[in-house]
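By convention in this document, chain letters (A, B, ...) are assigned in the order of the sequence lines, proteins followed by strands, and residues within each chain are numbered from 1. Just so it is clear, the model here is predicted, and its values are computed rather than measured.
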2 protein chains.
Amino acid sequence: MPSTRDRILDACLRLFNDSGPFAVTTAEIARTVGINEGNLYYYFRKKEDILFALFERFQDALNVVANAPHETGGGSDPGLAYLERWFRLMWEWRFFYRDGAAIKRMAPKLRARNVKLADRGQADIKRMLLQMVEQGLLAASEEEVDRLVVNAWIISSYWLDYLDSRHNIGKVTPEHLDWGFSQVLSLFLPYTTKAGQAQEKRRRQHV
Amino acid sequence: MPSTRDRILDACLRLFNDSGPFAVTTAEIARTVGINEGNLYYYFRKKEDILFALFERFQDALNVVANAPHETGGGSDPGLAYLERWFRLMWEWRFFYRDGAAIKRMAPKLRARNVKLADRGQADIKRMLLQMVEQGLLAASEEEVDRLVVNAWIISSYWLDYLDSRHNIGKVTPEHLDWGFSQVLSLFLPYTTKAGQAQEKRRRQHV
DNA sequence: GTCTATAATGAGATAGAC
DNA sequence: GTCTATCTCATTATAGAC
């Protein structure tokens with residue numbers, strides 16, 4: 001049995017992903033965990049503190065993804081494998097993205113950490129893209145790469161919310177995940193060289 | 001002096017754009033308008049109703065943009081002119097985009113209308129792009145056009161929130177508007193033909 | 001560490017006088 | 001149409017027994 005603290009955080013992640021952190025009351029959290037509301041406040045003196053703790057976890061998970069870029073199965077394309085892992089992670093923590101505006105207002109302290117996180121993520125992606133340019137897989141100027149990084153970041157961050165508001169898809173399946181992934185991929189496609197396209201084709205057949 | 005009802009809606013648009021519809025209380029609204037809270041409830045019996053009324057206005061404004069696609073100044077490029085007007089409109093009603101997730105939960109009735117709006121908007125954009133393909137300004141398959149439409153829609157809808165959460169830019173200036181606009185434009189750039197690029201150049205010099 | 005109570009707040013909303 | 005007064009209620013949060 002995990003610790004009560006962990007059970008609280010697990011429950012909150014689920015609840016927040018489903019309904020957003022503001023529609024979820026402390027009473028609901030306690031009920032879900034199966035503890036009393038007073039006990040909840042023993043672990044987290046403010047509701048805000050739960051958000052901080054969850055963000056810590058999120059960061060840790062991101063670090064794992066970022067620091068293990070070479071564990072790809074086929075090994076043929078670390079860039080795409082990285083993107084896929086990163087994508088899945090964002091889905092697991094989707095409430096941070098979906099309710100970003102409201103969270104920012106409630107817990108302004110998270111802002112700075114979030115910026116740091118994006119700084120690093122975008123730097124990672126940019127480095128990866130420039131490397132692909134060097135390898136002759138992509139053909140793009142640095143300015144184009146910068147635009148690409150930002151667009152990829154935005155699509156990745158918001159496609160879940162888009163899917164929900166546009167097509168009433170609240171519960172996302174692996175197929176949807178694929179769709180979003182392709183949507184991001186399509187940003188890079190016009191910049192791929194013949195060599196890059198061949199490699200991508202090999203990857204797809206591999207899956 | 002506009003009617004009290006209009007003054008309420010004007011004030012709410014401002015307040016909501018600044019702080020989001022949930023951080024803004026009915027007390028604050030009444031104070032801003034300079035009326036009593038009780039009076040506010042004479043016009044809108046539920047806070048939700050204010051959102052509905054604002055959405056009506058938003059739709060009307062969109063209709064104006066959509067139905068007047070030929071009023072472009074230089075007349076050389078209706079597509080881009082349309083995009084610019086549409087972009088500015090989204091900025092004026094940015095809280096609908098930024099706080100979409102939370103609004104959806106509070107006023108589920110808005111969902112359906114929102115979907116309709118997106119249906120129409122995306123159909124408009126697609127038609128416009130296909131027309132540009134026919135005119136030889138763009139080179140893209142229909143599948144590519146579909147991907148483009150969705151990506152353009154997502155970037156347009158969320159770049160403001162991105163700017164805020166990524167760079168702490170809450171107050172957007174015309175320069176930022178330009179930045180976002182270019183970001184969307186960069187999606188189409190790799191698909192432009194030589195003829196299309198020449199036309200775009202003429203447009204830029206015209207401004 | 002966990003529970004029972006209960007406080008403290010602050011929001012949305014209403015009734016009825018003017 | 002506008003205001004005063006008041007209500008209801010959900011929610012966060014605390015104190016103290018077990």
Participant: Under the ring pair (Phe, Tyr, Trp, His ring centres under 6.0 Å) rule, collect the residues that match up with Trp86(A), sequence neighbours excluded.
Facilitator: Trp153(A)
Participant: Where along residues 5-36 of chain A does a heavy atom fall under 4.0 Å from DNA chain C?
Facilitator: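 Those residues are Ile35(A), Asn36(A).
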Participant: Considering residues at least two apart in sequence or located in another chain, which fulfil the salt bridge (charged side-chain N to carboxylate O under 4.0 Å, His left out) criterion with Asp164(B)?
Facilitator: Lys104(A), Arg111(A)
Participant: Name all residues meeting the ring pair (Phe, Tyr, Trp, His ring centres under 6.0 Å) criterion together with Phe87(A); count only those two or more places apart in sequence or in a different chain, and write none if there are none.
Facilitator: Trp159(A), Phe181(A)
Participant: According to ring pair (Phe, Tyr, Trp, His ring centres under 6.0 Å), who are the partners of Phe96(B), at least two apart in sequence or on a separate chain?
Facilitator: Phe55(B), Phe58(B)
Participant: For Glu48(A), which residues count as a salt bridge (charged side-chain N to carboxylate O under 4.0 Å, His left out) partner, sequence neighbours excluded?
Facilitator: Lys46(A)
Participant: Examine the side chains of Tyr43(A) and Asp49(A) and answer whether a donor and an acceptor come within less than 3.5 Å of each other.
Facilitator: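 No, Asp49(A) and Tyr43(A) have no side-chain donor paired with an acceptor closer than 3.5 Å.
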Participant: Using the test side chain to side chain donor-acceptor pair (under 3.5 Å), find all partners of Glu144(B) that sit at least two apart in sequence or belong to another chain.
Facilitator: Ser141(B)
Participant: Tell me which residues in residues 37-56 of chain B put a heavy atom below 4.0 Å from DNA chain D, sorted by number, or none.
Facilitator: Gly38(B), Asn39(B), Tyr42(B), Tyr43(B)
Participant: Go through DNA chain C in 5' to 3' direction and return only the first and the last nucleotide with some atom under 4.0 Å of chain A's heavy atoms.
Facilitator: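 First-to-last contact on DNA chain C, by the 4.0 Å heavy-atom rule, is dG1(C) to dT4(C).
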Participant: Not counting sequence neighbours, which residues clear side chain to side chain donor-acceptor pair (under 3.5 Å) with Tyr162(A)? List them please.
Facilitator: Gln122(B)
Participant: Which residue pairs pass the salt bridge (charged side-chain N to carboxylate O under 4.0 Å, His left out) test when at least one of the two sits in residues 125-134 of chain A, sequence neighbours left out?
Facilitator: Asp124(A)-Arg127(A), Lys126(A)-Glu142(A), Lys126(A)-Asp146(A)
Participant: Any pair with a residue in residues 55-66 of chain B that passes side chain to side chain donor-acceptor pair (under 3.5 Å), sequence neighbours left out, goes on the list, sorted by first then second residue, please.
Facilitator: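 Non-adjacent pairs meeting side chain to side chain donor-acceptor pair (under 3.5 Å): Asp6(B)-Arg57(B), Asp10(B)-Arg57(B), Glu56(B)-Arg113(B), Asn63(B)-Arg120(B).
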